[in-house]
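First comes the structure, then the notes that go with it.
No hydrogens, no waters, no symmetry mates; every other heavy atom, side chains included, goes into these values. Per chain, numbering begins at 1; letters A, B, ... match sequence-line order.
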Amino acid sequence: MRQYPLMFSEWAKTMLKHPSFLLYALTHSFQSVKHRYIILRSLTADASYTPPFHGDVILQSLIAEIIEFFGVSTFFETGTYLGESLNYVCEHFEKLRIMSCEVDETYYEYASRRLAKCKPKLFNLSSPIALRLARHFSMLELLTLFYLDAHWENYWPLLDELREIRQLKHAIVIVDDFKVPDHPELGYDSYGGNENSLSYIAEVLKPGDESLIIVLPHYREDAYWPEPKRDMRGYAIVFVNLQERFRQFSERDLMRNFMVVKR
Amino acid sequence: MRESWSLVIPILDEVDLFKQAFPSCVALCPDEVLLCLNEDYPREIVAVARALYDEDRLRIVTIPRDNGWRFPQACARVEGFKRAENDRILNIDVDNILYPSILKGLEHLGQKNVALVSFRKDITYTVSSRLREKSHRLQNSLAAYCFQKGADPIMGAYWIYRPYYFDVIDEDEYRLIYNGSDTYLYWKFQQPGQYRRLYLDESCCRSLRHENEGLTWRQLEVGLYHACRKVPLRHVIRYSLLNLFPLVLKGYYMGLQLPDHVRRFIGALSYEEFLMFNDNKRWLSR
């Protein structure tokens, strides 16, 4: 996400425009005010600046095809943030049971209000805890599509999330901001000197584990048509205990834009 | 001419209740009766049924013990609905003494996307439950007058139109509930969908049992959920006094003792989800 410069004049303008924000700024911590400022800017100045799933139409199509083909019952996103992706899923997949968790209270409150109409289940909890409790409450027993996009300051919960998901009977996981080899145009995250990559997740998703199929984007040049190529983010899709069905799924046209990782 | 219909009764081992209630079912002249029983059901139940009802139209549906369902009653119902010969099905609990007014639901089924018709139900009252019932009816009348919306529960006795019903429920999800098969239906009909349910504010039957809400674990469950939802204590006290449910306060206190993350999680669930997807009965009965 693009961070807006925190300039005094911008703050002042925002406060004048939104008196409730001024009141909030006077009574809350700097960090909290900063979050709310970013939210306000995203809504008032440039509402489309963070499109769902990075505006990647192939990823959006893939999600739609996965949901339809595999008969996904639940969508679980970690890291709600402003709720862009969640809003997209709510609008397009009415019958899905939709859940998300957000550890930051300001974003959580904002997303709760924003998505009040379609009523996804939002948890103000860190993602591994939310996943553990959701598992306990049998909410992940039916096939669930996970979209892992949680990262907050120093704690990167990805491996803990994957550990929780590995305990399920089956699952489909999309790990966002993932390093895709030979595709430098696709951005990825790094935390504490670790790249979000195959070698990093190998600690949980062991190489040689036959119950796992990992797929990475391998977009052809014409895949971007008619949209121009722009800042894109990498991701990985992990199919857990779905080998048979994946074989049929891999014959779909869309899958020509992906490669199965040999490990 | 009225449509043909089937009657589905899930039974565990309640022979005495069945003996008392079944004659009222026969009096409504169903075209078929399905008794859904465990494999090791008491044979007396079938003997009673055969004595009162035409043997050719009586069907015994046995449910295996290891059926993959957590709530046996839900499994029995769904199995009964699948095996019924007719699409119009009346589902009742074994302890329900039916009134003829229940037949009014039949004419609505399948019309204007109506998948389910439910009614009001009388119970065997105690002094406190009678007071509670009066209080609820008063509150509902007020709500209906002020907001054009009253209570519309599903309580054990209801009609279903099978083609629509199986579109509404998700059988794999239904298997996961620990409790509250009626609650599950209520919850599913709250979600957006093509089909709807109808509530007729009319008494359709009398239960030979006391109300469920008064059970110890149910009161604790309500209080605990209130605590997780951060409902102020004064509201919980008021609720507890108005309904004569003192254990709700104990449940509220128990809820406050839960770890913060568990409270937050439960607080994000709807009451129906909390009731169905956690084994509260076992947890709170300890």
So for [X], is it side chain, backbone, both, or neither that comes closer than 4.5 Å to the heavy atoms of chain A?
{"X": "Asp279(B)", "result": "neither"}
{"X": "Arg70(B)", "result": "side chain"}
{"X": "Ile177(B)", "result": "neither"}

**Request:** Show your reasoning for whether ring pair (Phe, Tyr, Trp, His ring centres under 6.0 Å) applies to Phe81(B) and Tyr165(B).
**Result:** CA-CA 9 Å; Phe81(B) 295 165; Tyr165(B) 172 87; 5.1 Å; yes
**Item:** Lys NZ or Arg CZ of Arg196(B) over Phe189(B) ring: under 6.0 Å, within 45°
**Value:**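 No, Arg196(B) and Phe189(B) do not form such a contact.
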**Prompt:** Does the cation-pi check pass for Arg97(A) over Phe277(B), that is, NZ or CZ under 6.0 Å from the six-membered ring centre and within 45° of its axis?
**Reply:**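 Cation-pi check for Arg97(A) and Phe277(B): passes.
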**Message:** Between Ser126(A), Ser112(A), Ser138(A), who has the most heavy-atom pairs with chain B when the cutoff is under 4.5 Å?
**Reply:**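 Ranked by contacts with chain B, first place is Ser138(A).
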**Asked** Would Glu221(B) and Tyr271(B) count as having a side-chain donor-acceptor pair, cut-off 3.5 Å?
**Response**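 A pair is found: one side chain offers a donor N or O, the other an acceptor, under 3.5 Å apart.
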**Message:** Between Ser127(A) and Arg132(A), is there a side-chain donor-acceptor contact under 3.5 Å, judged purely by atom types and distance?
**Reply:**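 No.
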**Which portion of Met139(A) sits near chain B, non-hydrogen atoms under 4.5 angstrom** =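 Side chain of Met139(A) only, per the 4.5 Å heavy-atom cut-off to chain B.
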**Item:** Side chain / backbone / both / neither for Ile129(A) at chain B, heavy atoms under 4.5 Å
**Value:**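 For Ile129(A), the side chain is the part near chain B, not the backbone.
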